[in-house]
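Quick note: residue numbers are just sequence positions, from 1. For the numbers below, each heavy atom of this structure counts, side chains included, while hydrogens, waters and symmetry mates do not.
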Amino acid sequence: MEYRRGVYLYTPPEGVGAPSVFDVPRSGREYPLGFHSTAPFNDVHFLVSQYVEEIWAEAPRSGSGLLYATFVNNWIDANRGERDIDPALLLEPWPEPLDPTDKSNRLGMGLIHSKARGHALYPDKLSVAEVKHRIEHYWRPYHTRLAELIEERRQKFGIAFHLSCHCMGTIGPVTAHDHGLRRKDFCLSDRDGTTSSRDFMGVIAEAMRKRGYSVTFNDPFKGAESIRLHGKPASGVHSVQIEVIKELFMDEETFQKKPDFDKVQEDLGEVAADIAAYARSQAR
């Protein structure tokens with residue numbers, strides 16, 4: 001096991017390795033000492049993809065590596081682009097061009113979150129130096145290590161498969177196009193076919209469906225920065241974002257694990273084994 005304090009924890013594959021790497025970029029629950037928010041804790045913590053590293057914890061047993069960002073995503077979001085910063089959050093102008101998305105401008109959920117369930121996260125604006133510190137000491141080291149792990153697999157096997165793992169609210173929130181609707185158990189995303197082969201998407205979906213779970217493709221999410229940054233099918237790297245509804249394994253308001261938690265973990269261990277077997281079958 002490899003640990004970079006406050007940044008990531010990496011569990012290497014056991015036994016015969018496979019050309020597959022799981023990453024969990026938004027489930028960290030370590031709040032850095034510099035994190036100070038005026039918002040209620042339950043609202044701050046609501047958007048943490050809690051326990052995702054645990055429900056996929058069996059993946060290394062079947063030959064996949066598992067990288068987990070230990071810092072909380074409200075500090076800096078590893079599933080957002082490095083330039084996805086709302087200028088209104090800053091005390092002074094950013095020295096280079098920014099590229100804020102709708103996540104930043106409308107929802108306050110860009111690289112640096114500014115809102116939590118309608119509450120402002122910070123009473124004051126953040127300095128450029130503070131934001132750069134978060135990028136250089138958290139975001140970049142995490143993605144640098146992920147890129148290294150994926151490339152190690154690609155070099156060894158001639159191909160690599162990357163799974164970016166998340167959880168989502170069971171009912172679409174007011175800010176989403178599926179507002180008020182119950183979501184399927186899993187959403188698999190490849191940014192509309194740009195980060196993975198559809199064959200790989202199909203393998204994951206079949207592994208889930210044969211264990212009784214429902215699956216959608218690119219709805220309600222198309223996939224964000226982790227797969228955009230690392231998925232390069234033309235170069236032999238296939239990246240898929242996996243979202244699972246929280247209702248399957250936790251109470252969304254109290255953050256407590258549900259009685260079926262161990263069953264979900266067992267099922268996803270089997271899904272991970274099917275993914276690893278497929279990945280080995282594609283080795284060149």
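The closest side-chain donor-acceptor pair between Asn79 and Ser226, if any, does not fall under 3.5 angstrom. Side-chain polar atoms of Ser164 and His162 form no donor-acceptor pair below 3.5 angstrom. For the residue pair His143/Glu82, the side-chain donor-acceptor check at 3.5 Å is not satisfied. With hydrogens and angles left out, the side-chain atoms of Thr170 and Glu252 include a donor and acceptor closer than 3.5 Å. Remark: the Asp219 side chain and the His177 side chain contain an N/O donor-acceptor pair separated by less than 3.5 Å.
Partners of Leu248 under the side-chain contact (heavy atoms from CB on, under 4.5 Å) rule, at least two apart in sequence or in another chain, are Asp185, Phe186, Tyr213, Val244, Ile245, Val264. In this view, Glu58 and Arg61, Gln265 satisfy the side-chain contact (heavy atoms from CB on, under 4.5 Å) rule, not counting sequence neighbours. Listed by chain and number, the residues in a salt bridge (Lys or Arg N to Asp or Glu O under 4.0 Å) with Lys257 are Glu54 (sequence neighbours excluded). The side-chain contact (heavy atoms from CB on, under 4.5 Å) test applied to Asn218 returns Ser189, Asp190, Asp192, Arg198, Met201, Lys222, not counting sequence neighbours. Among residues two or more places apart in sequence or in another chain, the side chain to side chain donor-acceptor pair (under 3.5 Å) test is passed with Glu253 by Arg117. For Tyr122, the ring pair (Phe, Tyr, Trp, His ring centres under 6.0 Å) criterion is met by no residue, not counting sequence neighbours. Remark: His137 pairs with His133 by the ring pair (Phe, Tyr, Trp, His ring centres under 6.0 Å) rule, at least two apart or across chains.
Within the structure, every pair that satisfies the ring pair (Phe, Tyr, Trp, His ring centres under 6.0 Å) test and touches residues 233-252, not counting sequence neighbours, is listed here: Phe161-His238. Applying the side chain to side chain donor-acceptor pair (under 3.5 Å) test to pairs two or more places apart or on separate chains, none has a residue in residues 200-209. Residue pairs satisfying the side chain to side chain donor-acceptor pair (under 3.5 Å) criterion with at least one member in residues 275-284, sequence neighbours excluded, are listed as follows: Asp199-Tyr278. Every pair passing ring pair (Phe, Tyr, Trp, His ring centres under 6.0 Å) that includes a residue from residues 70-99 is listed here, sequence neighbours excluded: Phe71-Tyr138, Trp75-Tyr138.
For Lys232, the NZ atom is densely surrounded, since the number of other residues' heavy atoms within 6.0 Å is greater than 12.
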Discussion item. Run Arg211 and Val271 through side chain to side chain contact (heavy atoms under 4.5 Å, CB included) and show every step you take.
Written reply: CA-CA 9 Å; Arg211 291 169 177 89; Val271 169; 4.0 Å; yes
Practice prompt. Mind running side chain to side chain contact (heavy atoms under 4.5 Å, CB included) on Asp124 and Thr38 for me, showing each step along the way?
Written response: CA-CA 10 Å; Asp124 303 306; Thr38 53; over 6 Å; no
Discussion item. The test is side chain to side chain donor-acceptor pair (under 3.5 Å); show your working for Asp23 and Tyr142 and say whether it passes.
Written reply: CA-CA 10 Å; Asp23 106 269; Tyr142 180 78; 2.6 Å; yes
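Among all heavy-atom pairs drawn from Arg153 and Ala160, the shortest one is CB-CB, 4.0 Å.
With respect to the salt-bridge test (charged N to carboxylate O, under 4.0 angstrom), the residues Glu130 and Arg134 qualify. Ion pair Glu151/Arg154 flagged as a salt bridge, since at least one NZ, NE, NH1 or NH2 atom sits closer than 4.0 Å to an Asp/Glu carboxylate oxygen. Lys258 and Glu247 are not joined by a salt bridge, as no carboxylate oxygen comes within less than 4.0 angstrom of a charged side-chain nitrogen.
Side-chain atoms of Leu47 and Met109, non-hydrogen and from C-beta on, do get closer than 4.5 Å to each other. A heavy-atom distance below 4.5 Å is found between the side chains of Glu148 and Thr144. Val240 is not listed as a side-chain neighbour of Thr195, based on a closest heavy-atom distance of 4.5 Å or more.
Using a distance-only test at 3.5 Å, with no hydrogens or angles considered, a donor-acceptor pair links the side chain of Arg183 to the main chain of Gly169. Formation of a donor-acceptor pair under 3.5 Å by the Trp139 side chain with backbone atoms of Arg80 is found in this model. Within the 3.5 Å criterion, the main-chain N or O of Ala224 finds a donor-acceptor partner in the side chain of Gln241. In this structure, the side chain of Asp251 engages the main chain of Thr254 through a donor-acceptor pair within 3.5 Å. Asp178 places no side-chain N or O within donor-acceptor distance of the main-chain N or O of Pro220, the cut-off being under 3.5 Å. The backbone N or O of Asn73 lies less than 3.5 Å from no partner atom in the side chain of Arg26, so there is not a single donor-acceptor pair. A donor-acceptor pair is defined here as one N or O able to donate and one able to accept, closer than 3.5 Å; such a pair exists between the side chain of Tyr51 and the backbone of Phe255. A donor-acceptor pair is defined here as one N or O able to donate and one able to accept, closer than 3.5 Å; no such pair exists between the side chain of Ser49 and the backbone of Ser27. At least one donor-acceptor pair closer than 3.5 Å links the side chain of Ser104 to the backbone N or O of Asp84. In this structure, the side chain of Ser37 engages the main chain of Leu121 through a donor-acceptor pair within 3.5 Å.
Taking OG1 from Thr101 and CD from Glu225, the interatomic distance works out to 10.0 Å, rounded to the nearest 0.5 Å. One finds the CG atom of Leu89 at 11.0 Å from the NZ atom of Lys115 (value rounded to the nearest 0.5 Å). From Leu126, atom CG reaches atom CG of Asp86 across 10.5 Å, with rounding to the nearest 0.5 Å. For the atom pair CD1 of Ile85 and OG of Ser114, the computed distance is 11.5 Å after rounding to the nearest 0.5 Å. Distance check, rounded to the nearest 0.5 Å: CZ of Arg83 to CD1 of Ile135 gives 9.0 Å. From Leu229, atom CG reaches atom CG of Leu146 across 8.0 Å, with rounding to the nearest 0.5 Å.
One hydrophobic cluster, built from ILVMFWY side chains closer than 4.5 Å, cannot hold both Leu107 and Val174; they sit in different ones. Both Ile242 and Val52 belong to a common hydrophobic cluster when Ile, Leu, Val, Met, Phe, Trp and Tyr are linked at side-chain heavy-atom distances under 4.5 angstrom. By the rule that hydrophobic residues join a cluster once side-chain heavy atoms approach within less than 4.5 Å of another member, Phe261 and Leu268 end up as members of one cluster. No chain of hydrophobic side-chain contacts below 4.5 Å, direct or via other Ile, Leu, Val, Met, Phe, Trp or Tyr residues, connects Ile76 to Val24. Under the 4.5 Å side-chain contact rule for hydrophobic residues, Val237 and Leu67 share a cluster.
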For residues 4-22, please give each side-chain donor-acceptor pair under 3.5 Å, one per line with the distance, not counting sequence neighbours.
unit_1 : atom_1 : unit_2 : atom_2 : d
Tyr8   : OH     : Glu2   : OE2    : 2.9
Ser20  : OG     : Ser64  : OG     : 2.7

